[in-house]
Amino acid sequence: MKYVIAIIRPERLESVKRELQKVEVNRLTVSAASGYGAQKGHLEVYRALELEVNLLEKIRLDIAVNDNFLEPTIAAIQKGAKTNSGHIGDGKIFVLPLEDVIRISTGETGSDAI
Amino acid sequence: MKYVIAIIRPERLESVKRELQKVEVNRLTVSAASGYGAQKGHLEVYRALELEVNLLEKIRLDIAVNDNFLEPTIAAIQKGAKTNSGHIGDGKIFVLPLEDVIRISTGETGSDAI
Amino acid sequence: MKYVIAIIRPERLESVKRELQKVEVNRLTVSAASGYGAQKGHLEVYRALELEVNLLEKIRLDIAVNDNFLEPTIAAIQKGAKTNSGHIGDGKIFVLPLEDVIRISTGETGSDAI
Amino acid sequence: MAIVAADLVWVLISSALILFMLPGLAFFYGGMVRRKNVLSSMMHSFVAMGVMTIEWVVIGYSLAFGTGNWFIGDLEHAFLRGIDLYSVSGTIPTYAFVVFQGMFAVITPALISGAIVGRAKFSSYIAFIALWGLIVYAPVCHWVWGGGFLTGEALDFAGGTVVHVTSGISSLAILVFLGKRKGYGIDSIKPHNVTLTLLGTGLLWFGWFGFNAGSSLAANEVASLAFITTFVAPAAAGLSWMAIEWMSTGKPTALGFATGILAGLVVITPAAGFVTPMAAIVMGLIAGVICYKAVMLKGKLGYDDSLDAFGVHGVGGITGAILTGVFASVGATGLLLGDSHQLFIQVEGVIITIVYAVVCTLIIGFVLQKTIGFKVSESEENIGLDKTQHGESAYNI
Amino acid sequence: MAIVAADLVWVLISSALILFMLPGLAFFYGGMVRRKNVLSSMMHSFVAMGVMTIEWVVIGYSLAFGTGNWFIGDLEHAFLRGIDLYSVSGTIPTYAFVVFQGMFAVITPALISGAIVGRAKFSSYIAFIALWGLIVYAPVCHWVWGGGFLTGEALDFAGGTVVHVTSGISSLAILVFLGKRKGYGIDSIKPHNVTLTLLGTGLLWFGWFGFNAGSSLAANEVASLAFITTFVAPAAAGLSWMAIEWMSTGKPTALGFATGILAGLVVITPAAGFVTPMAAIVMGLIAGVICYKAVMLKGKLGYDDSLDAFGVHGVGGITGAILTGVFASVGATGLLLGDSHQLFIQVEGVIITIVYAVVCTLIIGFVLQKTIGFKVSESEENIGLDKTQHGESAYNI
Amino acid sequence: MAIVAADLVWVLISSALILFMLPGLAFFYGGMVRRKNVLSSMMHSFVAMGVMTIEWVVIGYSLAFGTGNWFIGDLEHAFLRGIDLYSVSGTIPTYAFVVFQGMFAVITPALISGAIVGRAKFSSYIAFIALWGLIVYAPVCHWVWGGGFLTGEALDFAGGTVVHVTSGISSLAILVFLGKRKGYGIDSIKPHNVTLTLLGTGLLWFGWFGFNAGSSLAANEVASLAFITTFVAPAAAGLSWMAIEWMSTGKPTALGFATGILAGLVVITPAAGFVTPMAAIVMGLIAGVICYKAVMLKGKLGYDDSLDAFGVHGVGGITGAILTGVFASVGATGLLLGDSHQLFIQVEGVIITIVYAVVCTLIIGFVLQKTIGFKVSESEENIGLDKTQHGESAYNI
Ligand SMILES: Nc1ncnc2c1ncn2[C@@H]1O[C@H](COP(=O)(O)OP(=O)(O)O)[C@@H](O)[C@H]1O
Ligand SMILES: Nc1ncnc2c1ncn2[C@@H]1O[C@H](COP(=O)(O)OP(=O)(O)O)[C@@H](O)[C@H]1O
Ligand SMILES: Nc1ncnc2c1ncn2[C@@H]1O[C@H](COP(=O)(O)OP(=O)(O)O)[C@@H](O)[C@H]1O
């Protein structure tokens, strides 16, 4: 099992979700995040004081998948998150090993619980 | 060492914390999240336009534990997060391998730092 | 590759970022979190009802790094996050194994994509 | 009698101020609930601006201020029949009078919503306030202000009894009837955004100048008195709440100070034009302490007065009505000037109102329960009322 | 003629109320956009308080209310020349009249911003409202209120045509001209904070009492009538929007109710002092339904009227102007009293205004496009206008 | 002299507007601090509504407006002794006058809070404003308005010196005394929610019409003049701040525009009823630039005027007082009309006020420091004042 963390642009959430549904990945956790990356930030000014700010709003997705779902999941996220032919700032996908999953309501564990 | 991520209902946070304290797990990180899952979402309407929305508010817990604490921690979360005899939407627990921990204030590392 | 999660005091974010830049770690994801820990919480009162609350605001950093960057990254976070000679509540750093990274815009994978 | 332009301005602007209390109430309450119920809570106030406004001009005004009998008005002015551009009430156009009184009819049932947030069906809430407005508010308003049996007897400058006792005591009745929110006392239920509550407090105090000082219905000395008492009483009550809280818990909270201000506003309402500023300060100080104790009671007795509609409006309203009988000294005489009879009338008025409001509220609750249902299901409560009742969520990424 | 102190108070306080509608509009709109555009959206209203205010006293007032000809005023009062402390307009100081009328000139172009949020350059927006205020607002205001060819002909109590038709129809023109936001109809674009929109609704309704009832320019019976109609029409419209939404989608939303209230406020604006309260209720009920349908159209036709500036102000304004010709019965006679001529004039006024506003708006848009550019780049739209246009972000950890 | 009803309405409604500035200030400041200090910052304004209100009616009013001597009033009206329902001041009931003046006494010390957010103990803050109100505000108010040695000499229409110079310069004194916030200049300290600050700006401007135009204390031409100058000056100042910021940094921020508006409001305060609208525009344009420069200074000199209480109120207040001596032309003559003497008096008034306020503020600060302490500990500052001072947090999940 894998634990996939994807950082995407906020406005691509819906299209990523749509792509994920096509490959039958319907369970995921979404949270707000901010990111520093290759994407250039912007100058911010607070009352006559300048600050260079590079922190941009992002959406973070956490998706636990069984191994055979990993490829399609990654492909779906890529498809949904990419703007046109790909721009800096489109985001990244991280794949971490996942040792166990427990479904709280039923107590199921392992791949069945995902 | 393990890194436990649990997704629970917002309103169960207090009772999960209480159960965790009973097994002497007192350190954890909480964050807001939203989840898509088996739990059915709701129709939302914005000014005469309908949207089907399945994103429900959740709480995410991150808990780093030593191996011998894993079982009690999972059991405590389950106990605290389960509504009555268990309902869809009660949440999930993910167990990831954790390679190292560093306590910033003291510089301690490994199991001692957890 | 490693996936580093650091929990720090909100007000240390800027100085941590500054230290990270010095070691050429410029990409990271930031999110808001709350933490229970060794740091003592405070009594809160809501309209004549007392609640003991230990949940304190924290910032969570997620940083994916190549193995050779791990040490400097940890050192930089420690340096930036530590208040004076170190106080309870300064936070923790967790190191998780990272199996793969995919850059959405280009499709690059592995260490190149970090 | 001809209209007086300055009075007209005073009453109209006061009316606008009172309408502004509805968003104030929405924010005051909305900040205290959890994120998942904030729109539901705010809609309790907003929808009252729709439902009660229309009910008032269609029938409520006539029931409250129509000639009628000792108990209730009649239908002579239903649909504002018989009123036109040139109709006059006192020194102002009747339209202005209808509006001003209408604002009270709009806000009073909305106050009750604080007792039932997070667990009432929206449709039933609408039915409840509509019925309550006709069955409880209109008659009590008629009794005290519209020519009924308490008119000219009980002192109620701006609605201590008519507004706060009725709504506060009905809150208690309906919350006992409905039962607690799920997880009350087990899971923590903290205000999701105290800044919203502070905003609401600001709007409420601002609007309350219209509520109280506008109740003189004329731009005169009494309006000035009612204004200064509405200035000092909440200030005093905020301070006394803060003091007792600081001493008991070690911390003076913002939410507590705001609640104290509200308690002071409630207490001074019936007395605003009848007491001196110094008496108003004393009443405010008392209000802060008594309402603090009343709210603590909730913790002890274990009922779920979610936003303290009873603790503040009920207890504060009763306290105010009685203290008016004690401190009245301007254009009326209270106990301190040796008139125990007035105090007696005040108590009598309060008791009759309490009994009447409790009985009617329970009947309305019971009928709604048996017909369209009142409480949402446990699972709906779990998910939150914004999603289940309104199909939306307040905050989106 | 001497000044009347009560009229002066009424007009000044009404002016303050109208200025307060600008933050109201900022919050109404700001809550509906995404987090990354909230300051940009709010600044559309705030900057109008800067730009339009100065433009008004420098030249706008004179163009609108200077003698001039049938089409436009002249420059006799540019820089308020010829006006001093003791100048009088009607029964109030001219300074008060300038202020009151200025508030309308400030808010009208700001209404248009709802059509173009999230995609207009800030500099171009400023140029747009400044030009639009001179080329569209000042003349139309002159036509209807300032001595132009519709003065004394068309009924427009507080700006149904002058304010809402002009801004609403210009919204449609400019949004078609500018094109959609990126991702419109693909990515979901949800309001980031509905509580802000509710706050805005409260501020707008409160301020609208100054807008409508203040338009009597005197503290008299007509002010009271305009006040009560501004009380009941939005209430009715909120309810009818809610009802139709509840029936169609199964859920009564807070955002829908708020939009209904706004629709009711818009519709009653031209009629406020000309119709009875009961007619106002009927107009409100119609407004809720018609604007609901108009907003749905957007979904069907696929244009991006982001915050429904056209759906509510345009359609609501036209509906109101026409219904005024139907229901007018106080100090004017509408169709229901057998006067079809008035209705004809209303329609005529609306059509002329529509044609004029659309043509001018498109020309302004075209000229700006060709000179300084109007729309931000796709990448700026992506990142959000708060960061790209204003160099800041609304919310920081 | 008899009361004039329209004047009474004007003064009362103006008083309500000024009270509404307190939540305005709370939000203006509250949006600019970090999340952990927002309630603490807001409570600075709210608690002033408690403490200063009671202090005013108990003793402050008498010290400021009692007969007394050239320096201070006396205790003849302590506890409002000698004032009853029918007491008259000018053309309004004395109660109304007490209320109106009380609003100024409430808001003035609250302005100082912007200089010390995030580091003052709540108990010490309360002691500070209570003492400052007696030792600084009451005497200076007596000098300028209450019969003291500047009364009838210095021009101060609505409190440029009495309100803004005193509070602004005391801000500077106390912030230098207290020292910086931990991490100032190292860690970034960004506004946690700019929409709150915009809301505050809207409330402040709205309320300021009461503050300035209400200061005519009568519904007359001067009120209209003060109203229109309070309309155009902040508009101009917002624009000039925006222009200079846009040119220097490339971005026109919302926070900057809001700050410019505030600077314009401050600058026009002493001049509101003495200058023409065109002069008000010029004063506003100057205010935006000067206050922008003053705020930049902070970055250069490295002191921690957290929310620019000195940069805006101090510098703006001084600028306004002096420019009043330059531009005065209505009912007074300034430099431009050839009267250099008035300018001299203005400068003199400002200097005396500055010296007096600085000395007293430092003494109060010193005494508090030595007795109950003033600053929180470093660890409390770290955790945030909401938790450590008030035992609560503004936002909860
Ligand atoms: N090494 C990393 N560790 C953690 N987060 C990262 C890392 N690299 C990128 N991110 C996250 O992904 C977001 C997008 O990355 P960025 O470099 O801007 O563009 P791209 O994804 O096209 O490389 C960043 O804002 C950040 O939140
Ligand atoms: N495979 C998954 N990956 C990531 N998050 C998940 C996954 N499955 C469930 N979740 C999270 O857990 C929450 C609860 O899951 P859900 O399927 O609704 O109920 P249950 O936990 O009873 O299966 C979801 O809203 C989502 O946030
Ligand atoms: N075992 C853990 N699992 C998850 N989060 C932890 C753990 N230990 C600490 N944290 C996080 O780190 C924060 C700081 O920890 P704390 O114990 O207060 O101080 P210190 O970092 O000095 O030990 C906590 O508030 C919590 O968010």
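Proteins come first, then strands; the chains are lettered A, B, ... in the order of their sequence lines, and each starts at number 1. Hydrogens, waters and symmetry mates play no part in the numbers below; they use all other heavy atoms, side chains included.
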Just give me the residue among [options] that pairs up with chain F most often, heavy atom to heavy atom, under 4.5 Å.
options                               : answer
D:Asp7, D:Thr201, D:Thr195, D:Val330  : D:Thr195
D:Gly260, D:Ala218, D:Ala254          : D:Ala254
D:Leu203, D:Thr276, D:Ile261, D:Leu17 : D:Leu203
D:Ile281, D:Ile13, D:Leu199, D:Val9   : D:Leu199
D:Glu245, D:Met242, D:Met278, D:Lys36 : D:Met278
D:Phe209, D:Trp10, D:Phe227           : D:Phe227

Region of [X] that comes under 4.5 Å of a non-hydrogen atom in chain F:
X        : result
D:Leu239 : side chain
D:Phe20  : side chain
D:Asn220 : backbone
D:Ala223 : both
D:Leu225 : both
D:Trp208 : neither

Using modelled atom types only, decide if a donor and an acceptor are shared between the side chain of F:Ser124 and the backbone of F:Gly373 within a distance under 3.5 Å.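 Flag set: sc F:Ser124 to bb F:Gly373 pair under 3.5 Å.
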Classify the ring geometry between D:Phe206 and F:Phe206 as parallel (under 30°), tilted (30 to 60°) or perpendicular (over 60°).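 Geometry flag for F:Phe206 against D:Phe206: perpendicular rings.
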